[in-house]
Novice: 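Shown below is the structure under consideration.
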Amino acid sequence: MKISGTICGRPVRVRFAPSPTGQVHVGNIRTAIFNWLYARGTEGKFLVRVEDTDRERSTSEAVEKLFECMSWLGLDYDEEPIFQSGRLSDHVFAAERLLREGKAYKGFHEQAQGVGEPTVFKIPWETDGNPSVRTRGEVAIDVSPEEKLTIDFRGLTCSVPGKNEKPMPFSASLAGFHGLRLFSADGRMLFDMESALDGIFHECKSHEFFKVSRMTFERREVFFDDMVKGTLSKPLDTMKDLVVLRSDGSPVFHLANVCDDIAQQITCVIRGDDHIENTYRHIFLFQALSSDAPSYAHLPMIVNDSGKPYSKRDGNVFAGEFREQGFLPDALFNFLALLGWSPGDGREKMTKPEMAAAFSLPRVLGSPAKFDIAKLAKLNGQYIAEMTTQHFIDTIAGFAKETARERVLQWMLNHPAKFAKAATLMQIRTRILSDCDEWGFFFPGTITYDPKALRKNLREDSRDAIEALRVIFAEFAADEFSAERLEAATRGLEGSRGLKEGLLNRPLRVAVTGRDSGPDLMLVLEMIGKHEVLDRLAALPPAPPLEEEEISAQKQWSTPSG
RNA sequence: GUCCCUAUCGUCUAGAGGCCUAGGACACCGGGUUUUCAUCCCGGCAACCGGGGUUCGAAUCCCCGUGGGGAUGCCA
């Protein structure tokens with residue numbers, strides 16, 4: 001049973017609106033995922049809008065990467081994507097309309113000669129009957145009397161006492177100051193804006209005051225019900241008018257974004273909570289353009305260990321990096337969906353349809369989440385473990401091709417049967433696909449030795465035993481080189497030398513594979529084959545000396561603490 | 001400075017006033033299985049930021065702090 005696909009009767013339409021900057025950040029991916037989940041869970045539409053107005057960074061290559069990333073993750077979308085750059089005339093037209101209707105004005109500051117003036121959207125003065133604005137009551141604010149206070153249709157500018165009474169510049173749109181009155185230090189009223197309103201708005205009158213030490217006004221605030229965070233609000237007297245068209249006539253993000261949301265008939269904007277401040281202003285823009293503001297859901301950010309936005313410095317950030325390291329798209333999708341959201345019943349590993357069915361915006365957390373790569377790796381390993389062996393082999397093969405892993409490709413090409421067998425043995429211990437780089441010991445050729453393993457497991461006595469095993473193994477016919485016989489021979493030597501059963505396994509493993517852990521040793525030996533095993537046993541390198549780092553680490557360990 | 005958002009184990013989270021002796025997962029530590037490792041199973045460690053209220057009762061509601069983040073652009 002699916003949730004109804006409508007809000008107030010309108011079918012759900014959400015969008016993913018990334019800027020194509022070459023790489024797709026995990027934060028953006030998660031935003032896309034939440035949008036997608038919401039659309040799919042409500043039988044709504046998931047749309048894409050490429051916000052490519054930053055021409056410096058937006059290249060066709062970047063756009064291509066973006067779509068490639070979405071398809072990799074299985075983020076299928078419903079209508080033809082739109083490109084913001086192609087909608088320039090619409091944006092400029094909207095700005096002209098705002099100007100014509102007196103909802104915007106030209107010029108903000110004194111501009112340099114010869115340069116045009118920006119178009120500025122005015123936070124509307126008149127808000128009676130506006131369902132997004134409410135009154136919060138009378139407030140009084142201290143003003144620094146030594147600084148000038150000016151009022152005109154563009155807003156109020158003054159200074160307010162900060163720390164140590166030091167005047168801090170303050171400016172805001174006029175819309176926040178209904179019923180404004182200015183007072184001097186001795187409590188005398190200097191100005192009552194009510195009577196001056198006509199002059200300010202119709203004759204562009206400007207007022208200047210000195211020695212104002214207090215102002216009172218009726219505070220009003222813009223508010224909306226965020227589907228994630230609940231009711232959010234901001235006083236109008238803390239807001240400024242915003243530029244919608246630059247001096248050169250190009251639209252800024254706010255205008256383009258709102259126009260396009262209107263054009264795409266977006267019913268719900270799901271985006272990062274770094275946009276909350278924008279939303280307060282966008283609501284007025286929607287209204288000014290005769291459109292109902294969509295509902296909003298602001299997602300908490302993904303942060304690093306220090307609580308800062310997760311960035312390049314913190315490890316993998318881009319979809320491409322996860323892909324190259326061998327994370328599976330479904331695992332990454334699943335993991336990211338669980339950052340800030342949970343189905344509430346303890347389920348973690350879920351399919352896309354399961355997530356879509358369980359997803360709901362009110363269940364999304366309001367607080368930021370840290371990116372824990374270890375948990376992703378575990379989940380990725382689970383996805384790998386649950387593949388059929390054939391699927392795993394195909395996945396590794398595809399991955400090796402895609403990431404141009406020459407060595408791995410050579411193994412596949414030259415020893416297909418052995419490769420398949422190696423994959424079978426390694427699947428359960430693979431967490432990320434790039435782990436396949438470590439499979440070299442299965443195949444003929446030089447192997448690398450873990451120096452620590454070599455030192456620990458191949459001292460003189462065990463080297464002697466290994467040599468004895470080599471001689472025994474050499475007696476085997478090639479077709480007798482089976483796990484059972486190898487096992488029997490090894491156990492036999494241990495018996496005759498009075499060694500504990502199994503004691504030779506580790507030295508033997510290190511001698512042949514270069515490492516001290518891995519799949520069943522005898523199976524591995526059988527796979528590698530008589531010829532190669534004997535070669536390696538004969539060419540055993542000496543144990544390397546302790547490296548300096550390790551020595552100092554050992555010293556630290558042996559130092560009694562406290 | 002001002003404004004906005006935010007606060008449960010190290011991490012992701014469950015938690016809608018009494019089901020809470022705060023549950024699960026990852027990580028970590030022990031034990032079992034595996035002659036290793038991994039998987040799997042069992043167990044352990046480990047949290048309600050602080051202070052005030054409201055209430056018979058607060059992790060949960062309110063206020064004030066504090067910490068973290070964001071905004072304060074003719075960036076997106």
Side-chain angles (χ1 to χ4, degrees), chain A residues 17-19 21 51 53-54 57 84 108-109 111 115-120 141 159-164 166-172 226 228-230 232-235 237-240 242-254 256-257 272-280 298 300-301 303 305-309 335 338-349 362-363 365-379 381-382 385 425-431 457 487 490-491 494 500-506 508-510 515-522:
Chain A
S19 302
T21 54
E51 302 208 329
T53 44
D54 186 344
R57 287 186 294 172
Q84 194 158 70
F108 202 27
H109 301 295
Q111 61 287 328
V115 180
E117 295 179 313
T119 303
V120 184
I141 288 180
S159 290
V160 295
K163 248 183 189 165
N164 312 327
K166 200 181 148 205
M168 304 292 292
F170 171 90
S171 70
D226 190 275
V228 168
K229 303 204 183 222
L232 263 27
S233 64
K234 186 179 175 69
D237 53 288
T238 64
M239 296 175 67
K240 290 181 189 172
L242 71 153
V243 172
V244 287
L245 234 44
R246 299 187 185 88
S247 309
D248 65 4
S250 63
V252 303
F253 159 76
H254 304 289
N257 191 262
D273 66 8
D274 51 337
H275 280 286
I276 290 177
E277 298 279 342
N278 293 333
T279 297
Y280 294 123
H298 287 97
M301 315 213 82
V303 298
D305 285 338
S306 358
K308 302 237 189 304
F335 174 76
L338 256 18
L339 243 40
W341 173 78
S342 69
D345 54 14
R347 280 183 297 168
E348 292 204 333
K349 186 171 176 297
R363 279 203 60 83
L365 252 26
S367 51
K370 284 181 188 163
F371 191 92
D372 180 10
I373 191 96
K375 188 151 181 170
L376 205 210
K378 170 76 178 185
L379 192 61
Q382 277 175 12
L425 291 176
M426 295 308 286
Q427 180 173 0
I428 196 70
R429 45 211 106 208
T430 301
R431 296 202 127 194
N457 298 290
E487 166 101 44
T490 310
R491 296 294 85 87
E494 282 163 357
K500 200 178 140 200
E501 211 171 75
L503 197 75
L504 253 24
N505 270 11
R506 209 182 265 259
L508 183 56
R509 181 189 293 279
V510 175
R515 54 203 65 239
D516 60 6
S517 65
D520 184 89
L521 177 61
M522 300 307 161

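First the proteins, then the strands, lettered A, B, ... as listed; each starts at 1.
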Novice: Closest to the A:Glu277 side chain: B:A14, B:U6, B:G70?
Specialist: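 Ranking B:A14, B:U6, B:G70 by closest atom to the A:Glu277 side chain puts B:G70 first.
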Novice: Under the 3.5 angstrom rule, does the side chain of A:Arg515 hit a backbone N or O of A:Arg509 as a donor-acceptor pair?
Specialist: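 No, because the side chain of A:Arg515 does not come within donor-acceptor range (under 3.5 Å) of the backbone of A:Arg509.
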Novice: Base of B:A76, side chain of A:Asn278 - is there a donor-acceptor contact under 3.5 Å?
Specialist: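 In this structure, the two groups form a donor-acceptor pair.
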Novice: Is a salt bridge present between A:Lys378 and A:Glu348, judged by a nitrogen-to-oxygen distance below 4.0 Å?
Specialist: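 Salt bridge flag = no for A:Glu348 with A:Lys378.
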Novice: Which nucleotide in the list B:U36, B:C3, B:A76 gets nearest to the side chain of A:Asp520?
Specialist: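 Of the candidates, B:U36 comes closest.
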Novice: Kindly point out which of B:A38, B:G73, B:C4 is positioned nearest to the side chain of A:Tyr280?
Specialist: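 Closest nucleotide to the A:Tyr280 side chain: B:C4.
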Novice: Closer to the 5' end of RNA chain B via nearest nucleotide, is it A:Asp345 or A:His254?
Specialist: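 Final value for this comparison: A:Asp345.
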Novice: Between A:Asp248 and A:Arg246, is there a salt bridge with N-O shorter than 4.0 Å?
Specialist: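 No, A:Arg246 and A:Asp248 are not salt-bridged.
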Novice: Scan nucleotides 25-28 of chain B against the protein and return all N/O pairs shorter than 3.5 Å with their distances rounded to 0.1 Å.
Specialist:
{"from": "B:A25", "atom 1": "O2'", "to": "A:Glu348", "atom 2": "OE1", "distance (Å)": "2.6"}
{"from": "B:A25", "atom 1": "N3", "to": "A:Lys375", "atom 2": "NZ", "distance (Å)": "3.0"}
{"from": "B:A27", "atom 1": "OP1", "to": "A:Arg431", "atom 2": "NH2", "distance (Å)": "3.2"}

Novice: I want to verify a distance call: between B:U13, B:U36, B:C4, whose nearest atom is closest to the A:Ser517 side chain?
Specialist: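 Looking only at side-chain atoms, A:Ser517 lies closest to B:U36.
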Novice: Can you tell me which nucleotide in B:A76, B:U72, B:C5 comes closest to the side chain of A:Arg246?
Specialist: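 The answer is B:A76, which lies nearest to the side chain.
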Novice: Can you identify which nucleotide, out of B:A76, B:U6, B:U35, has its nearest atom closest to the A:Glu501 side chain?
Specialist: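 Given the options B:A76, B:U6, B:U35, the side chain of A:Glu501 is closest to B:U35.
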Novice: About how many Å separate OG1 of A:Thr279 and CG of A:Asp226, when rounded to the nearest 0.5 Å?
Specialist: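 If I round to the nearest 0.5 Å, the distance is 7.5 Å.
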Novice: NA contact type, A:Ile276, heavy-atom cut-off 4.0 Å: base, sugar-phosphate, or nothing?
Specialist: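 Sugar-phosphate, no base atom in range.
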Novice: Among B:U35, B:G70, B:C12, which nucleotide sits nearest the side chain of A:Pro309?
Specialist: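 The answer is B:G70.
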Novice: Does A:Arg429 contact B:U39 through a side-chain donor or acceptor facing the base, at a distance under 3.5 Å?
Specialist: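 Answer no: no donor N or O sits under 3.5 Å from an acceptor.
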Novice: Can you tell me if the side-chain N/O atoms of A:Ser342 get under 4.0 Å from OP1 or OP2 in B:A14?
Specialist: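 Yes, such a contact exists.
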Novice: Could you tell me how far apart A:Met522 (CE) and B:C37 (P) are, to the nearest whole angstrom?
Specialist: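 Going from A:Met522 (CE) to B:C37 (P), I get 15 Å.
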Novice: Tell me what A:Pro235 touches on the nucleic acid: a base, only sugar-phosphate, or nothing, going by heavy atoms under 4.0 Å.
Specialist: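 Since only primed, P, OP1 and OP2 atoms lie under 4.0 Å of A:Pro235, the category is sugar-phosphate.
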Novice: Atom NZ of A:Lys308 and atom P of B:G68: how far apart are they, to the nearest Å?
Specialist: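 Taking atom P of B:G68 as the reference, NZ of A:Lys308 is at 8 Å.
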Novice: Mark this stacking check for A:His275 against B:A76 as yes or no, applying ring centres under 5.5 Å and ring planes under 30°.
Specialist: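 Stacked: ring centres under 5.5 Å, planes under 30°.
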Novice: Would you say a side-chain N or O of A:Arg347 is under 4.0 Å from OP1 or OP2 of B:A14?
Specialist: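 For A:Arg347, the contact criterion (side-chain N or O under 4.0 Å from OP1 or OP2 of B:A14) is not met.
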Novice: Output the single nucleotide from B:G1, B:U35, B:U11 whose closest atom is nearest the side chain of A:Met168.
Specialist: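 Nearest to the side chain of A:Met168 among the choices is B:G1.
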